[in-house]
Q: 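Sharing a structure below in structure tokens format, with a few things to ask.
Treat the numbers as computed from the prediction; the structure is a model and nothing was measured. Positions are given from 1, in the same order as the sequence printed here.
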Amino acid sequence: MKSSAKKIIKKVKEHKVELPIAPNDREQYKTAGRWEKENNRRVCLEHLSKPAWKVEKKDGVSVPVWTIDQTEPYEKKELPITPWSTGLQLAEVKNHTVMENVFDGMGLVSKELGRQMERFLEVDYTITGYQLRLPAIKGFFPCVDFHGYFRKHNVKRIQDIFGTWHDADKIDILTTESTFKAKLQVIGEKPDGLEEKAWLFPSITAYQSKLIEYGYDAIGISNIVKPVHEQYRKSSYQLLLALDMQARDILCLSHVQGDLIYRALSIYRKQELDWEDLRYVQAFLHLVYQENSDNGIGKQCSDAIHALHLNKKLAFDHKVRQTIKEVIDHKIDEMGLGKFYIEAKYLYVTQDILAFLSYAAAADHHTWKYTGFLSAKQSYCGGVIVGQNLFARNPIMSFSEITRTTFVDYEGEDAEFIRHIDNIVQLPLGTEPDRLGGADRDGDELLVLSTQLNLAETQIEYLQQYNFKVNDEKSEHHGKNRLDLLNENIQKHFEERFPVQAKVSLADYVIDSLVQVNDADKSTAPSQEWNKANVIDFIIRSEDKTGEITDINTTIENIANAQERLLQYKFPIAIMKHLQALCIDASKSGLFDQVVIPDVIQYRFGTLKPQFTFFKDGKNYNKDREHTSALDKLAESMFSFKQYVNRIMLEDTDRKIRKHQFENVYQYFQNFDLDTVYVDQTINALKTTYDTFLQRNKELAKEKQSLNPFASDEKQKRLRKEVDAKFAELYRETKAVSESICDCPSLLATAAVRKTYVDSKAKNSNENYSFCWVVASEGMLQNVQLHYENKDKVYIQQAKESDEHTLEWLGHNYTTVMKREAYTLQWPEGKDMSIPDKYLKRQDAKLDDLIDYKISLVSSEKKAWNPKEVAEKIVGQTYTVFNDRDWLGVTEGLSIARKAGDSILNCYMHKSITIKHIIKTTKASITCLADFRA
């Protein structure tokens, strides 16, 4: 029935079936879904394909509707999700054989070869591991002095998988059979019915000769292990749903990122202005720049940082504020989707290296017994991580995929050969690879989660939208502060949930569970001949269902979280984890026909999505309103938090700007030593470029708004990337054209700023402050430095130790440094930043009087005034032009409204002006003729 409804809906949407528009009565004409949801009725089968009416949604899409006489009473019954309804069974097996392939995908690179590759790559740090690729070879190779190890243990020769012996001191790379993907020659059938395969090469020497013969005499380096400096990574909703967390737990976990935003807002939200709060803005912008150094957001953050270093008042510039607000909004959107900073790091994993070396040196690999320095549930990372941590591997499908581990420091025999590897995790032999989504050793990374944070000590400060007293006299909380009540409830929550614990860490939310394995994990479809027809058939059958499987699993886990009964949903969760593994492996196994989502799961969990996924798809209509999970509640808080940020960054900051007279800080970006004739010429020359930019920018902005900013499907990602590329191309073209018009950055900036901040605003024709930053950001910063640089600097720099003067920011300590100095700007290489003398005002130039010059006068105060009364008072009066908060002031509360082509007026500062004749008055301005005397 659902498929029939989908077909008719599609036909109506595509206008293949034309229907009249239904009368405007939403209670009489409803979609099939609304009849079912609101009235427990369903459209009769005979009427399903014959709707009589349609309605048009806001986006213009038409959908069919039915009337009550076309429906019948319907009692929804849910089939239980059991082995008989799904066709799948989950069996618990005690003492199941460990399925781990020892040293799977693992190898080692000698210290000598590792240093040689280091020099080739020209890096300034030590590389501790390489992900290498060769034809038929794929693996991950930590860099170890295994020559030293073999000398210490008197190992002279090593035997390879073909039985050939090699001198140990001549080996550059040690690897395992699992990394050598050349066992492909089908030679028969095994007793269990699987294909028996043999090596394509009789020896390693034969393999090497073929590499040279076919021009592959090189080693491919696909990735390297870099030093890990970050202490925090972003969580995911999959991770949070796999933990047994309730709403208050997740709220406490989110406070790290929430506090970053709260502190970054300090200079805008506080009643009194404290310039030392700039350190938070700088730290925040620097963080965002590091995460976006290769795109437009990074460029905007970089420009904002330079501007703040030149003059702290530029924190209140329109574009700087706009940049800060946009990146804050994006961070809040991420929080709504469960993405926020937690103390964790991604690290490459390998197996016990000392055990590997012992195996490589063994005289007989068949009789060798695994002997490593790590016990079960232990890990090692050069001693830099010690104590309990958690392991998780993305994508997480189940609570069974998170495990506790204990990192140890090792000082025993042969420790000198592994002590340097402090950014690769070594694992013991055990079941953990199966628990962690089949993690092998060919370059997989694990998320290592710290358990140091004590959630029970959390005080939520960032949710300032709740910082008010309850006014409802009927409420039991009347007169109390809502934010204080929230923190009281959090403490009560921890006391009740963890009554005997002073510390609550992430480890307390891990659900103890069995390891889920698939005994047929390495099954493959029968081999087929390599030809065009079979390749095409494989591609056609390669239906990727990973996204659909992941989304359904998220819905299941979200409902389980809302009901606080995660373990009761372990069977459908296990099924989805199993199907995802099959889907991922299907590209290698060819078993696409086995990836089938059971109908009972599809029907029950495949339609409505969790409420928090609005921050993923931007849709409201397809959300599950019956269940509200911890993440749904966090998302709801993020909507109101975003409204709070809007108020702070717009209304409250505008009041602060007026209070401190920062209205015209944009003038700092101009050079008033330039000849106004050249400035006006450049402004006129930029007109076409400016108009074209605004029009194209407006079109692209509209195109971007039509896209879903949250959707994660490949189509939406591609469309967003294409629009971003169009913006980047527009910016490049506009900058190039503008620089061809004016070759002096200072002059170009002065004209572009006037165009962006003044001329367009005089007619209220534009709210976009991007043009000047796109075409002349270097010149703008140069102009600030020339005339408006504030030599009292506020810098932040990393500190080695923490004290009462340091700022902790995502695991790093920073200290505020106050200096009085000039800031050094770095210009793009080859950029000519000189200002030719011809563009400067001549000292001996004569300033002429301006007679009968038409001007508009406006109030420079945000209060009511009567232009007609003021006009009667000022006509015939003579005043001295003065600097009224960087406006051209005429008298108290009255200034000249700037218009295109009046740059010459800047020369009449402190000169006399006579109001000769009133042309007209409006509700907000006075238009008159005036004489300016030189």
Q: Going from CD on Glu326 to CG on Asp329, what distance comes out if it is rounded to the nearest 0.5 angstrom?
A: 8.0 Å
Q: Between Arg497 and Asp508, is the closest basic N to carboxylate O distance under 4.0 Å?
A: no
Q: Ignoring hydrogens and geometry, is there a side-chain-to-backbone donor-acceptor pair from Thr451 to Ala507 under 3.5 Å?
A: no
Q: Would the distance check show the side chain of Asn561 and the main-chain N or O of Leu243 forming a donor-acceptor pair, the cut-off being under 3.5 Å?
A: no
Q: Thinking salt bridges, do Arg393 and Glu401 make one under a 4.0 Å N-O criterion?
A: no
Q: Using the test ring-ring contact (aromatic ring centres under 6.0 Å, His included), find all partners of Tyr348 that sit at least two apart in sequence or belong to another chain.
A: Phe140
Q: If we check side chain to side chain contact (heavy atoms under 4.5 Å, CB included) with Met335, which of these qualifies: Lys642, Met638, Lys234, His330?
A: Met638
Q: Ion pair present between Lys492 and Glu488, side-chain N to carboxylate O less than 4.0 angstrom?
A: no
Q: How many angstroms lie between CG in Asn394 and CD in Glu445, if you round to the nearest 0.5 Å?
A: 10.0 Å
Q: Does some side-chain heavy atom of Ile297 sit less than 4.5 Å from a side-chain heavy atom of Glu291?
A: no
Q: Show your working on side chain to side chain donor-acceptor pair (under 3.5 Å) between Lys619 and Thr613 and close with a plain yes or no.
A: CA-CA 8 Å; Lys619 298 174 183 176; Thr613 58; over 6 Å; no
Q: Can you name the residues that form a side-chain contact (heavy atoms from CB on, under 4.5 Å) with Thr628, not counting sequence neighbours?
A: Gln611, Asp632, Lys633
Q: Can you tell me how far apart CD (Gln580) and OG (Ser398) are? Round to the nearest 0.5 Å.
A: 11.0 Å
Q: Name all residues meeting the ring-ring contact (aromatic ring centres under 6.0 Å, His included) criterion together with Phe612; count only those two or more places apart in sequence or in a different chain, and write none if there are none.
A: Tyr237
Q: Is there a donor-acceptor contact under 3.5 Å from the side chain of Ser235 to the main chain of Phe340?
A: yes
Q: Working to the nearest 0.5 Å, report the span between CG of Asn454 and OG of Ser505.
A: 8.0 Å
Q: Would you call Lys616-Asp551 a salt bridge at under 4.0 Å N-O?
A: yes
Q: For Asp249 and Gln246, which I'm curious about, is there any donor-acceptor pair between the side chains at under 3.5 Å?
A: no
Q: Ring centroid separation for Tyr462 and Tyr644, is it under 6.0 angstrom?
A: no
Q: Between Glu38 and Lys30, does at least one N-O distance fall below 4.0 Å, as a salt bridge requires?
A: yes
Q: Have His627 and Asp624 got a donor and an acceptor in their side chains that come within less than 3.5 Å?
A: yes
Q: When you check the gap from the basic side-chain N to the acidic O, do Arg565 and Glu557 get nearer than 4.0 Å?
A: no
Q: Ignoring hydrogens and angles, tell me if any N or O in the side chain of Thr405 forms a donor-acceptor pair with the backbone of Leu390 under 3.5 Å.
A: no
Q: Roughly how far, to the nearest 0.5 Å, is NZ of Lys339 from CZ of Arg233?
A: 11.0 Å
Q: Near Lys570 NZ, under 6.0 Å, is it more than 12 heavy atoms from other residues, nucleotides or ligands?
A: no
Q: Using side-chain heavy atoms (C-beta onward) and a distance below 4.5 Å, is Leu241 in contact with Ile396?
A: no
Q: State, with a plain yes or no, whether a side-chain heavy atom of Leu446 is found less than 4.5 Å away from one of Val425.
A: no
